[in-house]
Amino acid sequence: MTEDIQLISLLLTPLVGMLLVSLTGRWPNLRESMTLLVAVLLFSESLQLASDVLGGARPGLTLIHMLPGLTLRLAVEPLGAVFSVISSGLWIISTLYSIGYMRGNNEKKQTRFYVCFAGAIFAAQGIALAGNMLTLFLFYEAMTLITYPLVTHHGTDHARNSARTYLGVLLGTSIAFLLSGLLATWVIAGTLDFRHGGILAGHLGAAGTALLLVLYMFGIGKAALMPFHRWLPAAMVAPTPVSALLHAVAVVKAGVFTIVKVIVYIFGAENLIALGSANWVPVIAGFTIISASIVALRADNLKRRLAYSTVSQLSYVTLAATLLAPISIVGAVLHIAAHALGKITLFFAAGSIYTAAHKTEVSQLDGIGRRMPWTMTAFAIGALSMIGLPPAAGFVSKWYVLSAAMSLEHWWAVGVLVLSTLLNAGYFLPIVWRAFFREPPAEADDHHHAPHGEAPRIMVFAQTATAALTVGMFFYHEPVLRLARAVAGGF
Amino acid sequence: MLTQHFPALLVVVPLIAAPLIVLVRRSLPSWIIALLATAATFGIALSLLDRTLAEGTLSYAMGSWAPPLGIEYRIDAAGAFVAVIVAAMGLIVMPYSRVGIAAEVRNEEHYLYYALMMLCLAGLLGILVTGDAFNVFVFLEVSSLATYVLIAMGRDRRALMAAYQYLLMGTIGATLYVVGVGLLYLETGTLNLADMATRLPMASDSRAVLAALAFITVGISLKIALFPLHLWLPNAYAYAPSPVSAFLAATATKVSIYVLMRYFFSIFGESAVFDARATGAILLGLSLAAMFIPAIVAIFQHDMKRLLAYSSVSQIGYITLGISMDSVDGLMASAMHLFNHALTKGGLFLVLGGVVLRCRGASFDRLAGLGQTMPVAAFAMVVGGLSLIGVPGTAGFISKWYLVSAAIHLGQWWLVGAVLASSLLAVIYVWRFVEVAYFRAPPADHPPPGEAPLSMFVPALLMIGGCVYFGLDATWSSEVATRVAEVLMNSRSGGQ
Amino acid sequence: MTLASHFSYWTTILLLMVGLFIVIARDNLIKKLIGLGIFQTAVYLLYIAPGKLIGGVAPIVGSGFAVYSNPLPHVLILTAIVVGVATLALGLALVVRIKEAYGSIDEDEILAIDAQDDASPTPDHEGG
């Protein structure tokens with residue numbers, strides 16, 4: 001009974017948050033305190049849940065009997081707990097950051113922004129706690145729709161056209177591929193519940209499984225596997241906190257989370273190994289990793305560079321999950337967390353630069369590190385995590401993926417990882433170098449702008465916090481690791 | 001016992017209300033009579049559904065003349081299911097009409113509007129309940145004649161042409177149906193549908209029966225607006241008064257679809273219709289064309305009512321697709337979509353009616369900036385639109401789910417692709433509205449922000465809310481739809 | 001099975017086709033309705049003709065008569081005629097209204113006027 005309340009309240013808290021925020025929209029201070037309050041509440045609930053799950057609890061709850069034999073169901077397993085904690089925890093920090101950003105840039109329609117933000121977190125919690133594929137799909141689509149107003153926040157033609165791409169790709173892939181995969185699974189396996197070992201095991205031959213896997217892998221457009229990655233750079237039109245939300249907290253994480261979930265609980269890793277149907281996925285993922293990195297290398301717009309970096313990093317997770325070794329699945333789960341922390345730091349830094357200096361291009365960043373030392377230090381830490389260097393969280397997850405690839409003797413995968421590390425370094429380190437070691441251009445702020453300093457304090461605080469967490473996770477990742485091991489089958 | 005007369009009362013109550021209203025003439029009392037009559041009808045329909053689900057087919061000898069010589073009223077779960085949809089829609093539209101027609105119909109004509117609505121309701125329900133082939137024609141014409149006048153009441157003069165064109169097409173359709181019935185009568189010597197069903201197998205190979213099948217299919221398809229016989233529909237829906245558009249969109253085509261299902265599965269029998277002839281393939285082809293071509297046309301519309309009308313033609317394609325599959329699963333999906341689409345499209349037209357009242361038009365120019373001026377209505381339209389697309393959590397998703405499952409069960413994987421691809425077209429036309437409502441500035445002469453009058457707003461939101469409710473909890477609707485499909489499939493083999 | 005023995009059917013088909021052709025091919029709204037009338041009349045014939053048997057009498061049971069005509073089709077067609085009359089009346093009434101609103105009963109002209117309206121949209125309330 002208390003378990004039921006616990007699960008329900010994880011869904012209800014952000015919903016109540018949406019309501020409170022929209023009711024208090026007229027008083028900005030009250031409105032933002034509400035958001036923060038709800039976020040903190042949600043995080044504490046989510047932590048409680050995660051510690052219960054670590055203790056071996058597996059709460060479950062049927063919400064509605066949607067169709068005969070098919071329910072909307074919540075059920076927590078370790079992977080969901082990880083996602084729930086990440087999304088709710090980062091919600092607090094990104095709310096703090098948003099307050100600074102939205103006020104600093106005098107953005108319009110801030111109430112709608114906070115409401116939809118809470119809505120996206122609601123959908124993320126739903127995805128994290130989903131007890132079967134149908135529930136997950138429901139929240140997956142809800143997330144697409146509720147983030148649409150965020151992507152189009154500026155309301156310009158450019159925003160509208162980018163949002164068309166965003167919605168077109170995400171809805172298109174999910175309806176055309178994911179839904180058909182879902183229905184096929186339902187007809188073939190007779191259930192959509194998540195079960196260890198996979199519900200499709202023993203129901204389908206190698207070719208059928210491969211075909212179904214195609215539907216799932218490309219249907220989960222949020223994981224941005226090429227060629228369905230275009231929505232991510234398109235969504236860059238949104239305000240930076242939204243980009244941070246999309247890239248780090250909710251949307252893309254929902255994508256790779258779903259992929260891991262599908263591999264582990266729908267197909268079953270052993271089943272896929274036995275059938276050999278998944279061998280093509282790491283190849284596509286590897287291709288995505290390399291080619292997205294190359295695009296990022298050539299992008300001058302900072303957010304665009306970060307976007308392609310995300311595309312490439314997401315495929316790390318896909319690659320790791322589809323290597324199908326327990327240790328690689330651990331790597332995948334760890335990388336979901338590590339990338340979340342690192343990428344949100346990078347986006348926060350990009351937003352701070354925009355707010356304080358109104359600069360969006362990499363080539364404008366000469367010497368900015370002297371004016372904004374906190375921001376650029378945070379950026380550097382985020383970059384280290386992306387590259388996978390100690391002392392940042394990215395190193396840990398990459399280590400697991402790399403050792404999985406080596407122990408499986410997938411030498412080409414090792415090659416992809418090494419090459420992409422070099423490419424990551426190639427597009428991140430010059431930014432850091434430029435910011436700290438190049439002379440600032442002389443004419444940049446002579447008449448138009450007063451010399452800028454750091455971003456608003458609250459934003460600096462937020463990005464410092466995520467940077468600290470990125471470093472912190474390098475040294476202490478025991479709970480996440482334990483949860484990840486439980487996902488992989490407790491080896 | 002009154003309840004045993006329910007099959008007859010279902011038709012008689014609205015049929016008597018109509019002349020009563022004409023006698024009363026004043027607007028308010030006639031509205032009250034109409035409201036009471038629809039409420040009673042709805043209650044009767046619900047109780048009939050309840051009884052048919054529990055007891056099976058109900059037979060009622062009209063005037064105590066025993067069938068097959070006398071006219072038999074005969075209702076089973078399938079008929080009662082559609083009757084509930086029709087009566088419920090009537091009940092929703094009536095409170096809405098009070099304010100809804102004030103702007104579109106002259107005050108002294110209000111009683112005519114209510115009387116005609118009653119006649120239309122009586123006709124539609126009569127089609128569902130009667131067990132006599134010729135009676136179906138009579139009720140079809142009762143409802144159609146009322147419909148033509150209701151459409152002509154639209155305040156745009158194009159409504160007149162729309163009504164005229166519908167009159168031509170509808171009469172041709174009904175006449176073709178009568179030709180088919182005549183041939184069947186010549187072949188079997190009976191007009192009682194159940195009787196006809198038992199006698200037809202003896203003559204199923206005759207050319208007259210084949211001709212009858214063709215005439216009836218084409219005639220009813222005209223009333224269904226099955227592509228490419230849909231040309232009357234967009235104008236009729238676009239220029240009719242808003243409550244009429246909503247009522248027709250949710251009921252008229254659905255009842256005709258029921259008639260087609262009846263003839264295919266109960267009278268001719270699915271083996272004669274599908275196994276022996278290419279009916280299934282033809283219907284499949286037309287359904288696919290309906291799913292795509294009108295959906296593409298809808299994308300290029302500049303008027304929301306017309307957009308929704310073309311979307312209706314496209315959605316009808318889903319329903320007939322389920323029929324063409326010739327399986328219990330397919331029929332069940334059809335019945336499901338019949339219900340869900342009535343809910344969705346009825347709700348959308350109701351919301352749009354309120355919007356039209358305030359914005360004085362449904363063209364995209366008038367609807368620009370609706371997200372600011374009528375936020376709740378705009379949001380309701382979006383929710384309805386999501387149901388048209390079939391986003392999970394809405395009624396449209398449930399239909400799509402069953403339709404695609406039915407295709408998978410048959411092993412027709414390419415149909416899965418077709419259904420889902422056509423939903424992507426729905427994404428495009430729904431998003432045209434979204435972009436108009438949220439990204440364009442309101443026209444200069446737009447009224448100040450505010451919603452439609454409460455009496456229009458509440459019914460509209462109820463329908464849209466129903467869309468979400470039946471999208472999340474479809475156990476009731478799917479169980480009933482399953483029964484409907486089984487009844488239809490087994491009605492022939494199961495005999496009386 | 002000669003042409004002559006199916007005379008009534010051939011007439012029915014001919015009338016159906018003639019009626020349908022008029023509905024489709026004529027632009028004049030009144031003529032269209034006349035075509036519709038012919039189309040419906042064809043069906044009356046289809047029903048009535050087989051009801052009459054050669055040598056058959058009215059179905060009143062009496063000694064000495066063994067062959068009766070079937071009265072049911074005639075009754076049905078009475079109903080159909082009523083429906084047809086109502087349809088025709090309604091159609092004509094609509095044409096009157098159309099003439100008032102557009103000043104024409106020619107379909108092409110009316111469609112042209114509508115197309116003009118679409119090109120230069122002005123709220124039009126004449127119709128109702």
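Owing to the predicted nature of the structure, the values given are computational and were not obtained by experimental measurement. Chain A is the first sequence line, chain B the second, and so forth, proteins listed ahead of strands; every chain is numbered from 1.
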Give the C-alpha distance, both sets of side-chain angles, the deciding distance and a yes or no for side chain to side chain contact (heavy atoms under 4.5 Å, CB included) between B:V416 and A:L183. CA-CA 9 Å; B:V416 177; A:L183 275 154; 5.7 Å; no

CA sep, side-chain torsions, deciding dist, call: B:F439, A:D157, side chain to side chain contact (heavy atoms under 4.5 Å, CB included): CA-CA 8 Å; B:F439 291 99; A:D157 282 353; over 6 Å; no

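With a 4.5 Å cut-off on non-hydrogen atoms, B:Y402 touches chain A through its side chain but not through its backbone. In this structure, chain A has no heavy atom under 4.5 Å from any part of B:I428. Only the side chain of A:L145 comes within contact range of chain B, with heavy atoms under 4.5 Å apart. For A:A184, the parts lying near chain B are the backbone and the side chain together; criterion is any non-hydrogen pair under 4.5 Å. Looking at B:A474, the atoms closer than 4.5 Å to chain A (heavy atoms on both sides) sit in the backbone and in the side chain alike. With a threshold of 4.5 angstrom between heavy atoms, B:S423 approaches chain A through side-chain atoms but not through N, CA, C or O. Proximity to chain B (any heavy atom under 4.5 Å) is shown, for A:T144, by neither the backbone nor the side chain. Residue B:L424 touches chain A through its side chain alone, counting heavy-atom pairs closer than 4.5 Å.
Note: B:W401 and A:W186 have tilted aromatic rings, judged against thresholds of 30 and 60 degrees for the angle between ring planes. Under the 30°/60° scheme for interplanar angles, the aromatic rings of A:F137 and B:F397 are found to be tilted.
Looking at heavy atoms from C-beta onward, B:V434 lies in side-chain contact with A:Y148 at the 4.5 angstrom threshold. Side-chain contact between A:M66 and B:D473 is absent, with no heavy atoms from C-beta onward closer than 4.5 Å. You'll find the side chain of A:L72 reaches within 4.5 Å of the side chain of B:L472, heavy atoms only.
Most heavy-atom pairs under 4.5 Å with chain B, from the set A:I64, A:L67, A:V187: that is A:L67.
Proximity to chain B at a heavy-atom threshold of 4.5 Å picks out A:L171, A:G172, A:I175, A:A176, A:L179, A:S180 from residues 170-181 of chain A, in numerical order.
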